[in-house]
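Working notes, structure below.
Computed from a prediction, not measured in an experiment: that's the story for all the values here. Residues take their numbers from the sequence shown, with the count starting at 1.
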Amino acid sequence: CLRTDLLIMNTLVYLMFRLVVAVIRMFPHEARIRILTGLIRFAFVLTPKHTRYARRNLDLVFPEKDAAFKDDILRKSCIEYARLIADLFRMSGIDREWIAHNVDTAELKTAFAEEDNYLIVTAHLGSFELLQHVISMTEGGVGYIARRFKPQEIDDWWNRMRSAGGGEL
């Protein structure tokens, strides 16, 4: 049955995903970023249409720039995506003590002292997953809106990581 085959395939993909995550989490944070950068670059090799989309978008935004400039942006974007994923992998281990030693929350405290409710649009710049985690742990719960992943098991895992600090989907 097709439904059973899909369930088995999704389960296998999820188990492989969790195995890769477990192995990567064994490394120090900077090594995780390097490993993930390599995996992301490899994914671009396997899916050339994503590279074409990225290049087309860069051509639209920077028509006057040369190919070397655009290649540098693509290279750096792989590193930033890797940093974002590496931050997500460590989210469940980040507590108030870690935040106190590693995050300057002065601007957050000032902003939250002025208003009760905020809408923060991140546009996927920087470690936005870490931002909502820090806000949840220092200023109270955060609700977030996110597009779902397939398979569902990976989406559920990703949202558990997002919610480790008290945020809610």
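Taking CG from Leu39 and CD1 from Ile24, the interatomic distance works out to 5.5 Å, rounded to the nearest 0.5 Å. Atom CG of Leu36 is separated from atom CZ of Phe42 by 14.5 Å, given to the nearest 0.5 angstrom. In this structure, the separation between CG on Asn10 and CD on Glu153 is 5.5 Å, given to the nearest 0.5 Å. Atom CD1 in Ile33 sits 7.0 Å away from atom OG1 in Thr37 (nearest 0.5 Å). To the nearest 0.5 Å, atoms CZ (Arg75) and CD (Glu80) are separated by 10.5 Å. The CE atom of Met9 sits 13.0 Å away from atom OG1 of Thr4, with the distance rounded to the nearest 0.5 Å.
Lys76 has a carboxylate O that lies under 4.0 Å from a charged side-chain N of Asp72, or vice versa, which qualifies the two as a salt bridge.
Under the 4.5 Å side-chain heavy-atom criterion for ILVMFWY residues, a single connected hydrophobic cluster contains both Val13 and Val21. Both Phe89 and Val103 are members of a single hydrophobic cluster when ILVMFWY side chains are connected at heavy-atom separations under 4.5 Å. The hydrophobic cluster containing Ile40 also contains Val23, counting ILVMFWY residues as joined when their side-chain heavy atoms lie under 4.5 angstrom apart, directly or transitively. A single hydrophobic cluster is not seen to contain both Phe17 and Leu12; linkage of ILVMFWY side chains at heavy-atom distances under 4.5 Å, directly or through other members, places them apart.
Alongside Phe62, the hydrophobic cluster contains Leu58, Val61, Phe69, Ile73, Leu74 (criterion: ILVMFWY side chains under 4.5 Å).
Here the closest heavy-atom approach between residue Trp98 and residue Ile94 is recorded as CE3-CG2, 3.3 Å.
Residue-environment remark: CZ (Phe27) stays at or below the threshold of 12 foreign heavy atoms within 6.0 Å.
Applying the side-chain hydrogen bond (donor to acceptor under 3.5 Å, both in side chains) rule to pairs touching residues 16-31 yields Tyr14-Arg18, Arg25-Ser92, His29-Asp87, sequence neighbours excluded.
Contact check for Ile79 versus Arg41: side-chain heavy atoms found under the 4.5 Å cut-off.
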